[in-house]
Amino acid sequence: MSAFVIPPFQIEPRTLPPPLLTSKQGSFAHNTLKVRVPRILQDTIESNSFPEEVRRALQELYDEIVGGRICALQESTPDQNFWNELSRMYLGRTWLDVPWYWAETFFYRRVLQATRYFQVGEMHGVDPYAVKKQAELQPEVAPRLVRELVRNLPSAPREQFEILLYSSLWGNRVDLSYNVARAGDAARLEDERDNLLVDDSAQVWDFLMARRAPHVAVLADNAGTELSMDLALIDFLLRERMATKIVVHLKQQPFFVSDAMPRDVEATLLAWSRANEVTRAIAERLRTYLADGRFELRAHWFYTTCLFYFQMPDALRADLAATDLVILKGDANYRRLLGDAHWQPTTSFQEATGYFPAPFAALRTLKAEVIVGLAEGQAESLSASDPDWKVNGKRGVVQANIFDPETRKTRRNKK
């Protein structure tokens, strides 16, 4: 692990709305810690052949979550002081009396403590969710979806881009911690058009077309189906020279159940090379791009913490600021972008995310009670027809905050 620091806020925290809390009865946050998280623990125990001491530690964590008090991180690791400092105000409370995003991230860190992920021995570096991830890479699961997607692409590059972008978006539905729906049929856009609440994909296309040799960063979310759709999009952008370099930012250790690490990209390419002729060809190209530097995998400790994007360490912020476009994937990244707070749905997306250091687009299916950038009355209409629209994964957004980095830099310097 790298050195862990607690960076200063890059916004005024008092301007944020109240955070989502696990204490709110009837909320998805409350349900997550009361129902979903205990179920995830049980599934993790049952799907692995853990040593008895690991099973016992996971059971103790289960008992703590369902009826105990939050304990500090006990193992000696480089991030121990970091986590205990950020958790200090929550220790001794119940898991149903804390901010939701902190609770989820600390839970997943505690799973790694229980499974001895960082300790010398047989469990060192063992991904407790690998069995579930591997199931999605079987030939008739994600590789088949990619084959069907690519075979049915239209001939026009812009239409190909749209379908691949939407496929990357709807792939976010397939989340092993909350698998809400099928991946979606981006090739038949009329089937999903009503579910796309905001669509700034045209802005993304125009921005890429206007840039000469753009560098793109993808902040990845889930392994399996979603990562497969992301890789299909990445292959297209590089093959069509819409980007000259793409860096995928991944988790350096297991996090939320299906979060992608560099090893998951490698496992995907290996599975693709054995699955079918379409995925085999893409895997070969992506390996070539990896070898010549046009495609790169990076991991940073920030991504597996409870920090929000307005708390990025300077080095990561500078890294993203040097990128022409960032594609930010998934629901958890969206929550981190907005501080996992109770924003008014009509709040301007551009204003709420104005601190972000680079032009970016967020591709996200809704699985949390956080949303901005909607039109007047849109949220009320959705609530009337579907009370669970914010969390059931049916709806999605492509929301862009596109700007000229030089113009923003000049404006800041004048201030």
Side-chain angles (χ1 to χ4, degrees), residues 1 4-7 9 13 16-45 48 50 53-119 123 128-129 177-178 251 253-257 259 301-308 311 331-332 335-336 339-342 367-370 391:
M1 293 186 190
F4 285 79
V5 296
I6 302 176
F9 279 73
L16 286 170
L20 274 65
L21 301 173
T22 62
S23 55
K24 185 178 179 182
Q25 293 278 346
S27 69
F28 192 64
H30 184 84
N31 176 265
T32 294
L33 268 294
K34 190 175 181 65
V35 179
R36 290 179 53 230
V37 161
R39 186 180 299 144
I40 288 168
L41 262 180
Q42 290 176 330
D43 289 346
T44 302
I45 294 171
N48 288 276
F50 289 135
E53 61 269 24
V54 170
R55 297 177 69 88
R56 186 165 54 250
L58 288 170
Q59 185 60 49
E60 289 172 358
L61 178 58
Y62 178 93
D63 294 339
E64 178 186 313
I65 288 170
V66 299
R69 301 280 171 170
I70 299 170
C71 298
L73 202 63
Q74 299 296 323
E75 63 178 341
S76 178
T77 52
D79 67 344
Q80 181 184 20
N81 291 336
F82 169 88
W83 274 108
N84 286 344
E85 175 61 25
L86 287 171
S87 306
R88 185 162 40 87
M89 68 185 74
Y90 311 127
L91 300 177
R93 297 190 192 181
T94 73
W95 287 84
L96 292 175
D97 184 30
V98 288
W100 181 26
Y101 191 71
W102 174 85
E104 285 195 287
T105 58
F106 192 56
F107 159 70
Y108 285 108
R109 180 60 187 86
R110 290 284 303 280
V111 169
L112 296 189
Q113 175 177 271
T115 61
R116 304 187 177 187
Y117 183 86
F118 298 111
Q119 304 306 317
M123 295 301 296
Y129 317 115
S177 70
Y178 183 50
K251 309 300 192 297
Q253 65 202 43
F255 199 42
F256 289 37
V257 176
D259 277 12
W301 61 261
F302 167 84
Y303 294 119
T304 53
T305 71
C306 58
L307 299 176
F308 297 114
Q311 297 170 279
D331 195 72
R335 291 166 61 191
R336 298 182 84 169
D340 209 35
H342 286 283
K367 293 174 282 186
E369 295 152 327
V370 180
V391 300

Should Arg88 and Glu85 count as an ion pair when the cut-off is N to O under 4.0 Å?
yes
Can you tell me how the ring of Trp301 sits relative to the ring of Phe82, calling it parallel under 30°, perpendicular over 60° and tilted otherwise?
perpendicular
Exactly one of Gln59, Arg110, Arg69 should register a side chain to side chain donor-acceptor pair (under 3.5 Å) with Glu64. Which one does?
Arg110
Output, in order, the C-alpha distance, side-chain angles, deciding distance and verdict of side chain to side chain donor-acceptor pair (under 3.5 Å) for Thr77 and Arg109.
CA-CA 12 Å; Thr77 52; Arg109 180 60 187 86; 3.3 Å; yes
Relative to each other, are the rings of Phe256 and Tyr108 parallel, tilted or perpendicular (30° and 60° limits)?
parallel
Can you name the nearest heavy-atom pair linking Asp97 to Thr22, along with the distance?
N-OG1, 3.1 Å
Supply the atom-to-atom distance Gln119 CD to Gln113 CD, rounded to the nearest 0.5 angstrom.
8.5 Å
Taking all non-hydrogen atoms of both residues into account, name the closest pair between Pro78 and Phe4 and its distance.
O-CD1, 3.8 Å
Heavy-atom check, side chain of Pro99 versus side chain of Asp340, under 4.5 Å
no
Evaluate the ring-ring contact (aromatic ring centres under 6.0 Å, His included) criterion for residues Phe308 and Tyr101: first the C-alpha distance (whole Å), next the side-chain angles of each, then the deciding distance (0.1 Å), finally the verdict.
CA-CA 9 Å; Phe308 297 114; Tyr101 191 71; 5.6 Å; yes
For a quick test of reading the model, state the closest non-hydrogen atom pair linking Pro128 to Pro254 and the distance between them.
CD-CG, 4.0 Å
With distance as the sole test, does Arg55 use its side chain to make a donor-acceptor pair with the main-chain N or O of Ile45 at under 3.5 Å?
yes
Could you tell me whether Arg335 and Glu104 have a side-chain N and a carboxylate O separated by less than 4.0 Å?
yes
Any side-chain heavy-atom pair of Thr105 and Trp83 under 4.5 Å
yes
If you look at every heavy atom in Phe302 and Leu307, which pair is closest and at what distance?
CE1-CB, 3.6 Å
